[in-house]
Amino acid sequence: MSLIPYSNVASYGQIADLAGLPNRARMVSKALKSSNIEALPWHRVVNSQGKISIAPSDPNFRLQLSLLREEGVELKGSRVNLTKHRWQPSLDTLLFELNF
DNA sequence: TCAATGACGTATC
DNA sequence: CGATACGCCATTG
């Protein structure tokens with residue numbers, strides 16, 4: 001997921017699928033909270049509704065908002081415009097995931 | 001061990 | 001839209 005492009009967003013499930021782990025979105029979320037931000041574009045990750053899945057009380061919530069706005073992502077409150085910013089994995093990416 | 005718990009997703013109602 | 005229900009499974013206590 002370190003390959004989610006600038007100004008794009010992907011959902012937890014989408015990432016899980018790409019990693020070859022269907023229906024395992026929760027694992028991705030765990031990976032994000034535990035695997036502390038090691039130069040990972042965690043802020044480009046939202047749920048399938050395009051909504052930010054962090055508690056608004058959490059400091060990171062604000063951070064994610066600003067980071068996204070900074071990248072020019074359209075936000076309606078805490079919701080991103082998926083139709084416009086959803087990441088579409090390139091063929092190269094897919095092949096890469098399939099070990100080709 | 002076992003039950004509860006998630007930065008989740010899809011399907012219904 | 002909001003509320004519920006159920007699937008998934010590593011981590012926690």
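Letters A, B, ... are given to chains in the order of the sequence lines, protein chains preceding strands, and every chain is numbered from 1.
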Spacing of A:K33 atom NZ relative to C:dT11 atom P, expressed in whole Å: 10 Å

Gap between atoms CD and C1', on A:Q49 and B:dA11 respectively (whole Å): 13 Å

Whole-Å P distance, C:dA5 and B:dA4: 16 Å

Criterion side chain to side chain contact (heavy atoms under 4.5 Å, CB included) on A:W87 and A:Q14, from CA distance to verdict: CA-CA 9 Å; A:W87 173 43; A:Q14 192 181 354; 4.2 Å; yes

Phosphate OP1/OP2 of C:dA10 contacted by A:K30 side-chain N/O (<4.0 Å): no

Distance test, side-chain N/O of A:R24 to OP1/OP2 of C:dC8, below 4.0 Å: no

Presence of A:S48 side-chain N/O under 4.0 Å of B:dT10 phosphate oxygens OP1/OP2: yes

Closest-nucleotide 5' rank along DNA chain C - winner of A:N23 and A:K51: A:K51

Rounded interatomic separation in angstrom, taking CG from A:N47 and C1' from C:dG2: 15 Å

Minimum side-chain heavy-atom gap A:H43-A:P41 below 4.5 Å: yes

Interatomic distance, A:I54 CD1 vs B:dG6 P [rounded to whole Å]: 15 Å

Flag side-chain contact, heavy atom, 4.5 Å: A:L32 against A:S35: no

Length of the CE-C1' vector between A:M27 and C:dT11, whole Å: 9 Å

Nearest-angstrom distance from the residue atom CZ of A:R79 to C1' of C:dG2: 11 Å

Stepwise side chain to side chain contact (heavy atoms under 4.5 Å, CB included) check, A:L67 with A:E71: CA-CA 6 Å; A:L67 286 174; A:E71 301 193 352; 5.6 Å; no

Touch class at under 4.0 angstrom, heavy-atom based, for A:S11 against every strand present: sugar-phosphate

Rounded distance in Å - CG (A:L40) to P (B:dA7): 17 Å

